[in-house]
Amino acid sequence: MDLLEYQAKEWFRETGIPVLPSQRIDRIGDLKGLKIPYPIVLKSQVRTGGRGKAGGVRIVTNTIDAIAAAQTIFHLPILDEIPEVLLAEAKYNADREFYLAVVLDSATRRPVLLGSHQGGVDVESSQELLQQVVVEKEFSPFYARKLIIKMGLQGVLIQPVSDIVEKMYRLFLQKDLDLVEINPLGVSATGELMALDGKVTVNGRAIARHHDISLMAQKMANRANCQNYFDILGNADLVDRSGNIGILGNGAGLVMATLDLVSDAGGRVKTCLNIGHGSNLDPAKPSFGDRLEQGLEFLARDKNIQVVLVNILGSVLKGVKVAESMSKVALNNSTPKTRNPLHPRIIVRFAGSELSSAQEQFSALAIPLIENLDEAVLQTVRQAKSSPAKKV
Amino acid sequence: MDLLEYQAKEWFRETGIPVLPSQRIDRIGDLKGLKIPYPIVLKSQVRTGGRGKAGGVRIVTNTIDAIAAAQTIFHLPILDEIPEVLLAEAKYNADREFYLAVVLDSATRRPVLLGSHQGGVDVESSQELLQQVVVEKEFSPFYARKLIIKMGLQGVLIQPVSDIVEKMYRLFLQKDLDLVEINPLGVSATGELMALDGKVTVNGRAIARHHDISLMAQKMANRANCQNYFDILGNADLVDRSGNIGILGNGAGLVMATLDLVSDAGGRVKTCLNIGHGSNLDPAKPSFGDRLEQGLEFLARDKNIQVVLVNILGSVLKGVKVAESMSKVALNNSTPKTRNPLHPRIIVRFAGSELSSAQEQFSALAIPLIENLDEAVLQTVRQAKSSPAKKV
Amino acid sequence: MNLQPDSKILFQGITAELCATHGVQMKDYGTNLVAGVNPGLGGQTFEDIPVFDLVEQALAAVGAIDTTLIFVSAYQVLDAALEAIAAGIRQIIIVSSGMPPLDMVHLLRKAEATETIIIGPNSPGIIVPGKLLLGTHRREFYTPGGIGIVSRSSTLTYEIALELTKAGLGQSMAVSIGGDAIAGSSFLQWLQIFDEDETTNAIVLVGELGGNSEEAAAQYIAAAIDKPVIAYIAGRKAPAGRHWGHTGTLAAVVGRGGDVGTAQSKLAAFKSAGIPVAEKPSQISELVKKALKVK
Amino acid sequence: MNLQPDSKILFQGITAELCATHGVQMKDYGTNLVAGVNPGLGGQTFEDIPVFDLVEQALAAVGAIDTTLIFVSAYQVLDAALEAIAAGIRQIIIVSSGMPPLDMVHLLRKAEATETIIIGPNSPGIIVPGKLLLGTHRREFYTPGGIGIVSRSSTLTYEIALELTKAGLGQSMAVSIGGDAIAGSSFLQWLQIFDEDETTNAIVLVGELGGNSEEAAAQYIAAAIDKPVIAYIAGRKAPAGRHWGHTGTLAAVVGRGGDVGTAQSKLAAFKSAGIPVAEKPSQISELVKKALKVK
């Protein structure tokens, strides 16, 4: 979960990382109650990068200009994203700018401290400027000092900049982050340090164990009324908006392999759902059977999806149970509301004990049950080609 | 630093350890705005134990009784301590009571978890009831479960009680404690858990690195106007109120050895000051020279102290500098304000390079400078006996 | 790694339900499941397996344990694994999914310091067909033989095993290192184990997009593995940047270029290392047969 | 422990002032002080000692270090010691006082895992009279000879050394384990080192009230030490429960009875172990001479 700049800076402030006086602007009217003296910087609060180049950051010197600029930014989409909030912030004259980050690295299987004495937009792409320190054992402040020395800083700057890295690391650990980044860290002519822009990514799995972050996530997603597990962002994978095939399988690797096969055979996949393998150890999440039903419902709601290929291997449910779930969904979707009595068409691929236990049920359901994966893929693509995608 | 019960319970509440609804009573009038329904328990907030037996805990069922009981408790000294605050707390019907604690153990050099299935006043003295688990490596909740099993708990109680121990340990670590204790932890008939009384001791050395605890310590000691390092509680050691000798030395062991010698020779020591050895690495604390001067000033202010034995060995200051500090204090104390031109009498014991560098200065000061420790002790006791202690 | 059929196995997070499915499956396969641990359930017995509140109680009752299987819920995994390490267990298979990656970092530091092997998290474990089942692999897809399978997936591993079985190629062992960004064991470790294992003739490596472990494996195979290796990579057609229920792409790969982690980068790595790559699961068996003939 | 006169010594927390007092004193004694570390002062030189920002930079410049002396302020000690351990240094003397005891617990776990010896905190370190000075012991009180001193104090150790020197009894080595409740090394470890040290004929143990290390030492001496041991305990007349600037009594001694930690309990322990105890520092030398004659 990516935080917006203003949220990241609130955490920075709580952690003791210096940030400028700033104010959140939810609507134009908020600019009238501004407590920060002009000139100020107005910043679009979107999650995508390249905000400055896109015109999402403006310096203004009075209220009239501020209102005009805010109106523009509120309506300016940046990579399809329209900001809900702006940040009004004091202007800062930085003499030098550094880049600092803590990131979880899957190659070393450790958090890594990153830094560059040249902060700015393109630091991440210029690898040769970016210094790294792997936090091999438990963190201690000397890891931060190592980074600072590698960045080429000297003398009185060493301690305060490494103090900021230390605080970033504490935040990283405390909040279960994938990334915390300050870019740039401004250094004034007098040596004062200031986090001018910040990025924070919370690891999705850890959200539920942090009460404060769970509340933020709920607000962000605004999903109070969300009933279907797959309506939650990140539980369904959109492949190609113009596709007409849905894939549902148990296991990420199996779903990806099925996607590759269907695509290679000329099919166009719109959405993939991974309902996960095995039984669920967390009672707060839906069971395997529930995920199967909710997944089929989710795909059936998309009128562009003509064919769904279900690929289930070695599940904890007996094939009979799977067949029952499918017939339930199939019945729901053959109510008068849908034009087609069985929309979308379902093709099921089972192997092993599921296949043997389910054969009778499926023949009654008129859903094709195929053991060979290549064969199931071939039929899926054939069916999809004979049912042209609808215009929405 | 020992916290009062109501302060400990505030921390428990923040940590997620269940405590009863309660209200702090600073003055009798506060009882009129009580938000907790009667019956309530009124508890004297003193640091000493045995509060219940001494009459510092009363159950009351209405406002009139509450006011009467509060008036009594506010004036009831418990081991010389008069409470500044009372705690008004809801009454709780415990079915069973446990004892839980986390303590830093100098023998194992580790935190130790303590627990007993029989909570109450005398748990600490009945060692055979007290179960222990040494937290050998970094803490993980299984250490807490080990304690709970050792205590003899079973089934559904294991998880919630070990959750409380886990929270106690987090508090212990986060706040740098020497001790956190819940005695008793009440278990209701329905299995609900409640920390009914609590004790928290913060390690004195760690206070300065916790902003919140530093503020508490400052308030508690009320030492805003305190200028002399030895006015701070714990920096001076009172040995015997009726004594007339002061001892000042550099190093705890040396001061204790000197005390033993003086006492064995028949002298009666009132106060010992350890000004510490070596140079000071912490610029926030007074330097060695400052501590020497402040220490002498502190002892000179006590009119019952007739003789001060200064025992300094291998200090970082040259003897000359020490002599200068002493002459400064001696001059201060020979102003008209004090009846005696040189009060108290000072006997200095130096050895090594201090001695050789200071001999000239001291003969000018008319302060005896002695190399042999036994001899210095003998002279101190002789002087003290010839100057009987004043009545205050 | 000790994978003897009679090695003693512990089941952490045992419940009546889990025991009825996975416990029974393992026992039927002959796995020596000697005890279970679940705080609060101590004293009970599921399918003849005695349950204890603490790992050390289980060890006191049944003696030293070779491998523990962890099935506890995601946020309890770290503690369960640390309890096992503290009790002296040195082989840990984490079946549970959803473990926060920083918990895994913490665990790896302890595991490395104590020379403990961690497989998983989010792994179906290890199967030695016909001999030993440590985890949740479905036996119906496997048959004894000479092919080693190392994978990051669970059900995709069954798919590969099924294709090999259908083609008459039995398996010496199949292991999944788990689909998480931070995994306890690596392709490299298992490639080495298979290379030294006398019952293994050829190795099938099943990768997927995300992370850089396939790239590292390709280099290692070219440099150090003598037996034939066939690779298969899932996710060639998956859009970049999505996690597909695995978090292989969530954690950054630092300083190794922007392209690392895509299926294309992995395919290129195997190609340049001269390792045959199957286009689809059903093609693997013919590549294996071809490679075995050449050698 | 490596205490060779030519062993290479690092000075963590070096400043111009500390170097002018303790640095010069050690160099004059012949101690091979090869480098200092203080973040921000890298590149400077104090008394010919080159200063670096990081421990690893110092090691890169001067090679492996045998012992580091830590003089940094109390809350920085843990980090400085962990930095030294990470750089491969296995002998650490912590001169600084005021270290929070939970930092010491953290450090001890790491030290035990890496077989690192920690002396201190709040310790003047080690002196091998005439050969090597590691810390802040004042040379003027010591003279070479055959008596080993182990103590929890600093200046009281000088007092004892002075009495021995005056009586013509030189010292083989003096060490203070430091006066803190949680100490890095124990009386037991040093008793063993002295017992095995060929230059040591007799051992003087200087204890004080608080903790239970003297009680443990008394038992150990009776069971395992062959050389004569004379004990001295400071604090017989000190009121109980005060800390006297040391924190030996602050941390609890769990489950060992209420009397543990008093000077009386320590005296009783030595008595029942048959170890002679001096009543005052000036009595130590005669007890040592007597014990050496008997043996």
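Everything quoted here is computed from the prediction, not taken from an experiment. Just so we're on the same page: letters track the sequence lines, and every chain starts at 1.
For the set B/N311, B/V269, B/L261, the count of heavy-atom pairs under 4.5 angstrom toward chain D peaks at B/L261. Ranked by heavy-atom pairs under 4.5 Å with chain D, the list B/T201, B/T258, B/D240, B/D176 is led by B/D176. Ranking B/L373, B/L254, B/V262 against chain D, the residue ahead of the rest is B/L254, based on heavy-atom pairs under 4.5 Å. Ranking D/E112, D/H106, D/H137 against chain B, the residue ahead of the rest is D/E112, based on heavy-atom pairs under 4.5 Å. Put simply, of D/Q25, D/M99, D/K166, the one with the most heavy-atom pairs under 4.5 Å next to chain B is D/M99.
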Output, in order, the C-alpha distance, side-chain angles, deciding distance and verdict of salt bridge (charged side-chain N to carboxylate O under 4.0 Å, His left out) for D/D180 and B/R205.
CA-CA 11 Å; D/D180 280 15; B/R205 294 172 166 191; 2.7 Å; yes
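Other residues, nucleotides and ligands contribute at most 12 non-hydrogen atoms within 6.0 Å of the CD atom of D/Q219.
A salt bridge links B/D212 and B/K175; the closest N-O separation between the charged side-chain nitrogens and carboxylate oxygens is under 4.0 Å.
For the pair D/R139 and D/Y29, the cation-pi criterion (under 6.0 Å, within 45° of the ring axis) is not fulfilled.
The contact between B/V135 and chain D is made by backbone and side chain atoms together, counting heavy-atom distances below 4.5 Å. For chain D, no part of B/I312 is nearby; none of its heavy atoms comes within less than 4.5 Å. For chain B, no part of D/I160 is nearby; none of its heavy atoms comes within less than 4.5 Å. Looking at B/D260, both its backbone and its side chain come within 4.5 Å of chain D, counting heavy atoms on both sides. Of the two parts of D/A183, only the backbone, made up of N, CA, C and O, holds a non-hydrogen atom closer than 4.5 Å to a non-hydrogen atom of chain B. Contacts between B/L355 and chain D at a heavy-atom distance below 4.5 Å are absent for every atom of the residue.
A donor-acceptor contact closer than 3.5 angstrom is absent between the side chains of D/E140 and D/Y158.
Separating the OG atom in B/S214 from the CE atom in B/M1 is a distance of 8.5 Å, to the nearest 0.5 Å.
Residues B/T271 and B/L299 are in side-chain contact: their nearest non-hydrogen atoms beyond the backbone lie under 4.5 Å apart.
The only option from B/L3, B/V103, B/V102, B/V165 that meets the side chain to side chain contact (heavy atoms under 4.5 Å, CB included) definition with B/V180 turns out to be B/V102.
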